[in-house]
Amino acid sequence: MVKISLIEKKENNLFVKWSDGEKSNFNYLWLRDNCPTAHDKNSNHRMFNILEVPLDIEAKKCKINDDGKLEVVWSAGNHTSYYDQEWLRKNCYTINNKKKYLSPYQLWNCSLQKNLESISIEHDEIIETEEGLIKWLELLHYKGIAIVKNSPTKDKSAFKVLNRISHTRETFFKTPFEVLNIPKPNNSAYTAHALRNHMDLPWFENPPGYQFLHCLINSAKGGDSSAVDAFAVANYLKNNEKEIFETLVKIPLKFRDKDYTQEAHRSFYAPAISLTKDGDFNDIRFSVATMDALDCHPDLMKEVYEAHHRFGNLLHDDKFQIKFRLVPGDIFSFNNRRILHGRTEYDPNSGSRHLQGYYMDRDEIIGRLSFLKNLNKKKAL
Ligand code: OGA
Ligand code: ZN
């Protein structure tokens, strides 16, 4: 194991040299805040209050003690801290900040169309085995898309397989929401019209992280599905059309739709592409149907429309999108803030079409996956 080979007190931090030659700087306030006694043993929540510590706190004395702990006697608060070397190394922000970020996302384009089996998973495999559930969750997290095959086609029957992951996310469209051709629809999804590639509910502050469209009946002419990895399109722009990419990241668009009363509206501003702290893709906001009349600064409108135009056209480009037809028993599952979905127009007089839709938060997918992977790791030991 790597050990501390040298400690030096500096003005604001403790300088540490490791046996493998790495160097760390541990800020005094950071060290004091992360004293192992700072946390409650059961909840692991921090009970200690750093806000009461003077900002000029420093190490009065420090050494590696006989137990191999880094021992720090503090200049304020009459306290001594004992740090585990392995913990310090693992949590060293000097070293961790130098590591190259690796994205979990496997971006895809139209070539996925030839290999739809790679994103398919049997319903019963998910119900009966943990491996099946993990495979579904991994597809959702890494590729953003999965098609569950051969599910039952009874009303609301997708709850059972979805609850293998977690609870669903409620909205005023109800759960499930019924994707049917109805008179006086409150949403264009509830018509027989074509739906261009879009995400659902971009006018929410926090649009659902995942969406599940369970196909019960699809015997009408038309109504074929499409999907596009908008992270892949964003990545293409980032590498090839930097100015357009920057505009999409920087300038908020406005989305709006009717709320459940059908009389009031809700709206939300967000850029088309948002990034994580590591510069990875976080969210996409795109829906031609619910983008409001934009009200950005007049000097920006031309640039915003040019970027929106380019992004929107690439999101419908056959180099990027895939096309497929849902059959009864399919659950088309996808990351709603990454993968845009659409359908072609259908003829409601030629047959029937009925999908039931469900939403789930991203936390549920990622949380369940990391729980199961951890559990599996423990089992293997
Ligand atoms: C929706 C939707 C797709 C379809 O309900 O939001 O996009 O295939 N439906 O009907
Ligand atoms: Zn939709």
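Indexing begins at 1, ligand by ligand and atom by atom, following the structure's order.
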Pick one of side chain, backbone, both or neither for how Leu355 approaches ligand 1, counting any non-hydrogen atom pair under 4.0 Å.
side chain
Tell me which protein heavy atom sits closest to atom 9 (N) of ligand 1, plus the residue, atom name and distance to 0.1 Å.
Leu195 CD1, 3.8 Å
Under 4.0 Å from a heavy atom of His341: which atoms of ligand 1 are those, numbered in the order shown and with their elements?
2 (C), 6 (O), 7 (O)
Looking at Asp84, Asn96, Asp20, which hits side chain to side chain donor-acceptor pair (under 3.5 Å) with Arg89?
Asp20
Report the C-alpha separation of Arg343 and Asp224 in whole Å, then their side-chain angles, then the decisive distance to 0.1 Å, and conclude whether the salt bridge (charged side-chain N to carboxylate O under 4.0 Å, His left out) test is met.
CA-CA 5 Å; Arg343 68 150 192 249; Asp224 289 348; over 6 Å; no
Can you tell me which N/O/S atom of His198 has the shortest distance to the Zn ion (ligand 2)?
NE2
Go through the side-chain N and O atoms of Asp200 and Asn336 and say whether any donor and acceptor fall under 3.5 Å apart.
no
A student checking ligand 1 against Asp200 at a 4.0 Å heavy-atom cut-off should list atoms 6 (O)
Quick one: side-chain contact (heavy atoms from CB on, under 4.5 Å) partners of Lys9, sequence neighbours excluded?
Leu14, Tyr28, Ala59, Cys62
Students often mix this up, so state it plainly: with edges at 30° and 60°, are the rings of Phe159 and Tyr358 parallel, tilted or perpendicular?
perpendicular
Closest approach of His39 to Asn44 (non-hydrogen atoms, all atoms of both residues):
CD2-O, 3.3 Å
NE2 (His341) to the Zn ion (ligand 2) to OD1 (Asp200), nearest 10°, is 100°
Students should be able to answer this: which protein heavy-atom is nearest to atom 1 (C) of ligand 1, and at what distance?
Ala189 CB, 3.6 Å
Residue, atom and distance of the protein heavy atom nearest atom 8 (O) of ligand 1 read Arg353 NH2, 2.7 Å
